[in-house]
S.K.: 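Starting off with a structure, shown below.
The chain is numbered in sequence order, starting from 1.
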Amino acid sequence: MTYEAYLEQVGSEPKTKTEELLLNACKSVRYFETMDGVSYEVDLGPWGHITNDGRGGGSWFRPSMKFIKLYPNKRNEIDEMACERIINAYEK
């Protein structure tokens, strides 16, 4: 899959207010090499982290306790595609 096809499928703009909240809180993206591939972690400030372990699987959102307490029903909105959209929008 080309990068253009990937962006077309995933998107590079937040689709929900929760994604927008997390995008505005992004502080940094840190990439590092592991034995299995390239791994990354996105610092979302007070809301938690987005992580990918570099083993070919998807990315996942690790919410902070503050996020869970303030937005208990929003945690499930952030799936793998939402994580990728947040990262794409941040790195744009």
S.K.: Just checking Trp47 against Phe61, ring centres under 6.0 Å apart?
M.R.: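 Between Trp47 and Phe61, the centre distance exceeds or equals 6.0 Å.
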
S.K.: If you measure from the Lys or Arg side-chain nitrogens to the Asp or Glu carboxylate oxygens, is any gap between Lys17 and Glu20 under 4.0 Å?
M.R.: no

S.K.: Could you grab the distance from atom CZ of Arg30 to atom CG of Asp43, nearest 0.5 Å is fine?
M.R.: 9.5 Å

S.K.: Treating Ile, Leu, Val, Met, Phe, Trp and Tyr as nodes and any side-chain heavy-atom pair under 4.5 angstrom as an edge, say whether Val42 and Phe32 lie in one connected cluster.
M.R.: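 Different hydrophobic clusters.
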
S.K.: Tell me, do Leu44 and Lys27 make a side-chain contact under 4.5 Å, heavy atoms counted?
M.R.: no

S.K.: Please list, chain by chain and in numerical order, all residues satisfying side chain to side chain donor-acceptor pair (under 3.5 Å) with Thr51, sequence neighbours excluded.
M.R.: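 With sequence neighbours excluded, Thr51 shows a side chain to side chain donor-acceptor pair (under 3.5 Å) to Arg62, given in chain and number order.
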
S.K.: Does any non-hydrogen side-chain atom of Glu19 lie less than 4.5 Å from one of Thr16?
M.R.: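 The answer is yes; the side chains approach within 4.5 Å.
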
S.K.: Any chance you could measure Leu70, atom CG, to Ser64, atom OG, to the nearest 0.5 Å?
M.R.: 8.0 Å

S.K.: Looking only at heavy atoms, which two atoms of Glu84 and Tyr40 are closest? And how far apart?
M.R.: OE2-OH, 2.8 Å

S.K.: Does Tyr90 have any side-chain contact (heavy atoms from CB on, under 4.5 Å) partners at least two apart in sequence or in another chain, and if so, which?
M.R.: Leu23, Cys26, Val29

S.K.: Can you check whether Ile78 reaches Trp60 side chain to side chain, under 4.5 Å on heavy atoms?
M.R.: no

S.K.: How far apart are the closest heavy atoms of Tyr31 and Ile87, and which atoms are they?
M.R.: OH-CG2, 4.3 Å

S.K.: Identify, with sequence neighbours excluded, every residue that meets salt bridge (Lys or Arg N to Asp or Glu O under 4.0 Å) alongside Glu13.
M.R.: Lys92

S.K.: Can you see whether Ser59 engages Glu80 through a side-chain donor-acceptor pair at a distance of less than 3.5 angstrom?
M.R.: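 Side-chain D/A pair, Ser59 to Glu80: absent.
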
S.K.: Which value, rounded to the nearest 0.5 Å, describes the distance between Asp53 atom CG and Thr34 atom OG1?
M.R.: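 With rounding to 0.5 Å, CG (Asp53) is 7.5 Å from OG1 (Thr34).
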
S.K.: Can you tell me how far the CD1 atom of Ile86 sits from the CE atom of Met81, to the nearest 0.5 Å?
M.R.: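 Ile86 atom CD1 to Met81 atom CE measures 13.5 Å (nearest 0.5 Å).
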
